[in-house]
Amino acid sequence: MKIAFVVHDARPGGGQDRYALELVNRLASSHDVTLYTCNAQDISPAVNVQVVRTPERPWLLRHLAFVRLVRRLVERRSWDVVHTIGGAFPGASVITAQFCHAAWRAAQRQWPTQLVGRTERLYRNLNGAVAERSERRAARHEHLRALIAVSRRTAEEWKTFYGATASSTVVPNGVDLARFSPAERLEGRRELRRRLEIPLESTVLLLIGALARKG
């Protein structure tokens, strides 16, 4: 198949960035894949990478410029599949929904964060509103044929908040067991416990996150 994959970033860091990286590399082993992106790292030579030049900041201008430029590029060719993540490109035939901005914003209104100032909160609200609008347009676009959600909850949120009617399938994010094997994980955990002087049989809870950024 001839596949256009449209995403802001495809690189090792970040959740959906890594998803895009892994997916295009694997698809390119048996399909003709063109990646339209602002940033690409560790991409297989089999992938045709088309870098889309946009402002890095603010996100709002970057997103709007990206959609406008990519539309011109994608419409120059015919595709079997145009795949995007979320609302990165309204007009795709397949969407992977990693999250739902409308649900996230509804939760923020119910439980507003006190960890950021008023200006930062206004900026986030503006970005969130634009992202929600893009996702809604993508979910209701006439070209959309299939929705891939990473969880049942995400699939339901896209139906509830956006009225998505395309055929939906839940495909959880995968794990590369060649890189993150159970045996290596166990040995690495033992070594870390020895280094930190934590007994091997004790129970340890670890929390990693950016609470202010994630809301």
Side-chain angles (χ1 to χ4, degrees), residues 1-11 14-24 27 31 33-40 50-52 54-55 58-109 124-173 215:
M1 293 190 297
K2 292 174 60 178
I3 302 172
F5 199 100
V6 182
V7 65
H8 295 123
D9 303 287
R11 53 191 177 183
Q16 69 177 28
D17 301 1
R18 184 56 181 257
Y19 175 90
L21 166 66
E22 299 289 351
L23 188 56
V24 296
L27 287 173
H31 299 285
V33 179
T34 299
L35 172 65
Y36 295 96
T37 185
C38 298
N39 293 295
Q50 298 291 316
V51 177
V52 182
T54 64
W59 178 87
L60 177 59
L61 292 181
R62 183 190 191 215
H63 171 68
L64 295 176
F66 181 75
V67 172
R68 178 174 55 84
L69 294 172
V70 165
R71 178 169 289 112
R72 295 176 182 174
L73 295 171
V74 169
E75 290 178 350
R76 291 177 182 175
R77 297 177 58 186
S78 60
W79 307 94
D80 296 305
V81 174
V82 178
H83 191 156
T84 193
I85 297 180
F89 181 59
S93 54
V94 176
I95 293 175
T96 293
Q98 296 272 355
F99 47 80
C100 176
H101 272 94
W104 176 56
R105 296 183 71 227
Q108 283 189 315
R109 289 190 291 270
R124 290 188 186 185
N125 287 338
L126 177 60
N127 283 348
V130 171
E132 179 181 335
R133 178 174 177 270
S134 294
E135 287 180 351
R136 181 173 288 105
R137 288 177 57 206
R140 299 179 178 179
H141 202 281
E142 61 181 354
H143 290 165
L144 182 63
R145 302 203 306 265
L147 174 69
I148 300 170
V150 297
S151 68
R152 289 192 299 271
R153 176 170 179 170
T154 303
E156 288 301 319
E157 287 174 345
W158 272 64
K159 292 178 182 177
T160 300
F161 287 93
Y162 300 143
T165 59
S167 172
S168 64
T169 303
V170 175
V171 182
N173 284 330

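Computed over heavy atoms, backbone and side chain alike; hydrogens, waters and symmetry mates excluded.
- The pair Glu157-Arg153 counts as a salt bridge, with a side-chain nitrogen and a carboxylate oxygen less than 4.0 angstrom apart.
- Between His8 and Phe66, the angle of the ring planes lies from 30° to 60°, which puts this pair in the tilted group.
- Listed for the Asp80 side chain is a donor-acceptor partner under 3.5 Å among the backbone atoms of Lys2.
- Of the possible polar contacts, one joining the His31 side chain to the Met1 backbone as a donor-acceptor pair under 3.5 Å is found.
- For the pair Arg105 and Asn125, the tightest heavy-atom approach, listed with the atom from each and the gap, is NH2-O, 3.7 Å.
- Here the CD-CG distance, from Glu22 to Leu27, works out to 11.5 Å after rounding to the nearest 0.5 Å.
- Of all heavy-atom pairs between Ala166 and Leu147, the closest is CB-N, 4.5 Å.
- The two residues Phe99 and Glu135 have their closest heavy-atom pair at CE1-OE2, 3.4 Å.
- Atom CZ of Arg133 has 12 or fewer heavy atoms from other residues, nucleotides or ligands within 6.0 Å.
- Residues Val81 and Arg145 are in side-chain contact: their nearest non-hydrogen atoms beyond the backbone lie under 4.5 Å apart.
- Considering every non-hydrogen atom in both Val70 and Val6, the closest pair reads CG1-CG1, 3.6 Å.
- Evaluation of the side chain to side chain donor-acceptor pair (under 3.5 Å) rule for Arg71 yields no partner, not counting sequence neighbours.
- In this structure, the separation between CD1 on Ile85 and CD1 on Ile148 is 10.0 Å, given to the nearest 0.5 Å.
- Atom CG of residue Leu61 and atom OG1 of residue Thr54 lie 9.5 Å apart, to the nearest 0.5 angstrom.
- Looking at every heavy atom in both residues, Ala139 comes nearest to Tyr162 through CB-CB, 3.8 Å.
- Two residues are said to be in side-chain contact when any heavy atoms from C-beta on lie closer than 4.5 Å; Trp104 and Glu132 fail this criterion.
- In terms of the side chain to side chain donor-acceptor pair (under 3.5 Å) criterion, residue partners of Arg62 (sequence neighbours excluded) are, by chain and number, Asp9.
- Among all heavy-atom pairs drawn from Ala97 and Thr154, the shortest one is O-CG2, 3.4 Å.
- Using a 4.5 Å cut-off on side-chain heavy atoms (C-beta onward), Ile95 and Trp158 make contact.
- Here the CD-CG distance, from Gln16 to Leu21, works out to 12.5 Å after rounding to the nearest 0.5 Å.
- Side chains of Val74 and Thr34 form no contact here, defined as non-hydrogen atoms less than 4.5 Å apart.
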- Message: Pair Trp59, Val130 - check side-chain contact (heavy atoms from CB on, under 4.5 Å), show working.
- Response: CA-CA 10 Å; Trp59 178 87; Val130 171; 4.2 Å; yes
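- Partners of His143 under the ring pair (Phe, Tyr, Trp, His ring centres under 6.0 Å) rule, at least two apart in sequence or in another chain, are His141.
- Partners of Asp17 under the side chain to side chain donor-acceptor pair (under 3.5 Å) rule, at least two apart in sequence or in another chain, are Arg11.
- Residues meeting the side chain to side chain donor-acceptor pair (under 3.5 Å) test with Ser134, sequence neighbours left out: His63.
- Within the structure, every pair that satisfies the ring pair (Phe, Tyr, Trp, His ring centres under 6.0 Å) test and touches residues 73-95, not counting sequence neighbours, is listed here: Phe5-His83.
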- Verdict with reasoning, Glu156 to Arg152, per salt bridge (charged side-chain N to carboxylate O under 4.0 Å, His left out): CA-CA 6 Å; Glu156 288 301 319; Arg152 289 192 299 271; over 6 Å; no
